[in-house]
Undergrad: 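Handing you a structure now.
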Amino acid sequence: MTTVRREPLADQAAELLLSRIRAGEWALGAKLPGETTLAPQLGVGRSTVREAIRQLAGRGVLTSRQGAGVFVAALDAPEDWSRVVGRADIRAVLEARLAIEVEASALAAVRRTPAEVRALRAALDRRAAHRSDIEEHVDTDAAFHRVIVAASHNPLLLEMFDGFTPRSREGMITMLRARGGRGGAGAGRVGGGAAGGAGGGDADHEVHERIADAIADRDGERAAALTRGHLTSLLDQLIA
């Protein structure tokens with residue numbers, strides 16, 4: 001038999017504190033009252049207040065400063081990143097990729113190592129070898145772009161790129177299958193030739209070669225411009 005589970009007092013106290021922060025009772029950076037003040041306000045003991053503060057600190061809402069007190073670090077608890085990305089439509093994902101990858105391409109051109117250039121060439125070859133199957137094409141394409149982001153040597157850009165990858169993969173597969181159906185390429189296959197466009201055709205592959213060349217040549221401006229053009233074309237096809 002399923003029974004009702006009582007929510008721990010610390011969890012309830014944390015939610016009450018969070019609701020007061022959301023309501024604007026304390027501004028960003030403001031110091032919270034002490035435990036002796038908060039405890040009677042929340043109707044709990046000081047130990048429960050401490051646990052509630054610890055929970056909100058773990059969620060990034062509060063921060064403790066040794067000898068100074070507890071301060072508001074954020075005005076709301078951020079939602080789990082994977083849930084946010086999972087709900088986003090493919091257009092939003094591509095727009096976010098545009099923001100990340102254009103800068104990553106420019107940085108990669110400046111910071112890449114000889115080993116990373118070799119890895120980029122190898123990823124480009126693998127991408128070229130898997131142009132006839134949609135899922136393999138999407139996966140090898142993502143691997144190519146990930147090498148670029150990794151070569152930017154910015155761990156935050158790489159973490160964001162990896163966070164978008166599952167949702168981007170799902171959306172790209174859906175889009176390419178729909179385009180294949182309209183173009184008569186057949187389910188599970190990517191159109192070839194220049195007309196294949198962003199679906200793995202010759203023109204698309206040439207753009208990726210040019211991006212790789214720009215990074216190898218340490219031409220950040222050209223690498224960024226090519227990446228922007230490539231991802232913008234994907235957005236244009238999405239809304240066509």
Side-chain angles (χ1 to χ4, degrees), residues 89-109 112 116-152 157-158 160-162 164-217 219-240:
D89 61 30
I90 187 58
R91 178 170 182 163
V93 171
L94 286 173
E95 288 173 346
R97 280 187 59 190
L98 186 63
I100 292 168
E101 294 184 45
V102 169
E103 182 62 21
S105 293
L107 291 174
R112 96 295 184 280
E116 286 167 337
V117 173
R118 291 193 294 272
L120 188 58
R121 298 294 190 195
L124 186 65
D125 290 342
R126 287 192 294 273
R127 187 182 185 279
H130 295 88
R131 294 160 68 183
S132 62
D133 180 88
I134 285 178
E135 292 193 12
E136 289 181 349
H137 170 73
V138 170
D139 289 341
T140 54
D141 179 72
F144 171 84
H145 288 282
R146 190 183 191 280
V147 172
I148 295 174
V149 180
S152 75
L157 290 178
L158 184 59
M160 287 189 288
F161 178 87
D162 286 343
F164 285 123
T165 296
R167 181 66 186 92
S168 178
R169 180 182 191 275
E170 176 188 351
M172 289 301 300
I173 289 172
T174 299
M175 186 177 77
L176 290 175
R177 282 179 175 159
R179 289 180 61 230
R182 289 196 300 268
R189 297 189 65 79
V190 183
D202 294 340
D204 174 61
H205 186 69
E206 181 183 346
V207 168
H208 286 76
E209 286 182 323
R210 292 170 64 197
I211 292 172
D213 289 342
I215 291 171
D217 293 341
D219 189 337
E221 186 175 343
R222 181 158 54 99
L226 288 166
T227 301
R228 179 180 297 279
H230 165 59
L231 291 173
T232 300
S233 73
L234 288 180
L235 278 167
D236 290 344
Q237 290 177 48
L238 184 66
I239 62 178

Undergrad: Quick one: are Arg146 and Leu158 in side-chain contact, heavy atoms under 4.5 Å?
TA: yes
Undergrad: Quick one: do His205 and Leu124 satisfy side chain to side chain contact (heavy atoms under 4.5 Å, CB included)? Show the steps, please.
TA: CA-CA 9 Å; His205 186 69; Leu124 186 65; 3.8 Å; yes
Undergrad: Are any of the side-chain heavy atoms of Asp141 and His145 separated by less than 4.5 Å?
TA: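 Yes, their side chains come closer than 4.5 Å.
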Undergrad: Nearest 0.5 Å, what's the CG-CZ distance between Asp89 and Arg167?
TA: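 If I round to the nearest 0.5 Å, the distance is 7.0 Å.
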Undergrad: Side-chain contact test, heavy atoms from C-beta onward, threshold under 4.5 Å: evaluate it for Ile90 versus Thr174 and give yes or no.
TA: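 No, too far: nothing below the 4.5 Å cut-off.
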Undergrad: Salt bridge between Arg222 and Asp217, side-chain N to carboxylate O under 4.0 Å?
TA: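 Yes, this pair counts.
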Undergrad: For the residue pair Arg121 and Ala212, what are the closest heavy atoms and their distance?
TA: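 What the structure gives for the nearest pair is NH1-CB, 3.7 Å.
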Undergrad: Indicate the atoms forming the closest heavy-atom contact of Arg97 with Ser168, along with that distance.
TA: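 Smallest heavy-atom distance, with atoms named: NH1-OG, 3.4 Å.
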Undergrad: Just verifying a value: how many Å separate Glu95 CD and Leu234 CG, rounded to the nearest 0.5 Å?
TA: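 Nearest 0.5 Å value for the CD-CG distance: 12.0 Å.
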Undergrad: Once rounded to the nearest 0.5 Å, what's the spacing between atom CG of Leu94 and atom CG of Leu231?
TA: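 Separation between the atoms: 7.0 Å.
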Undergrad: Quick one: are Phe161 and Leu157 in side-chain contact, heavy atoms under 4.5 Å?
TA: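 No. Closest side-chain heavy atoms not under 4.5 Å.
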Undergrad: Does a side-chain N-to-carboxylate-O contact under 4.0 Å join Glu135 and Arg177?
TA: yes
Undergrad: Any side-chain to backbone donor/acceptor pair from Arg112 onto Ala216? Under 3.5 Å, distance only.
TA: yes
Undergrad: Distance-only, no hydrogens or angles: does the Ser152 side chain make a donor-acceptor pair with backbone N or O of Ile148 under 3.5 Å?
TA: no
Undergrad: Going from CD1 on Ile211 to OG on Ser105, what distance comes out if it is rounded to the nearest 0.5 angstrom?
TA: 6.0 Å
Undergrad: Do Val149 and Glu103 come within less than 4.5 Å of each other through their side chains, counting heavy atoms only?
TA: no
Undergrad: Taking only residues two or more places apart in sequence or in another chain, which ones pass side-chain hydrogen bond (donor to acceptor under 3.5 Å, both in side chains) with Glu136?
TA: none
Undergrad: Any idea which heavy atoms bring Ala214 and Ala109 closest together, and the distance?
TA: O-CB, 4.3 Å
Undergrad: Evaluate the side-chain proximity of Ile215 to Glu116: yes if any heavy-atom separation is below 4.5 Å, no if none is.
TA: no
Undergrad: Testing Arg131, His137, Glu209 for side chain to side chain contact (heavy atoms under 4.5 Å, CB included) with Asp204, which one passes?
TA: His137
Undergrad: Should the ring pair His230 and His208 be called parallel, tilted or perpendicular, given that the plane angle runs from 0 to 90° and is split at 30 and 60?
TA: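 Rings of His230 and His208: perpendicular, over 60°.
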Undergrad: So, Arg126 and Asp139, do they make that salt bridge, N to O below 4.0 Å?
TA: no
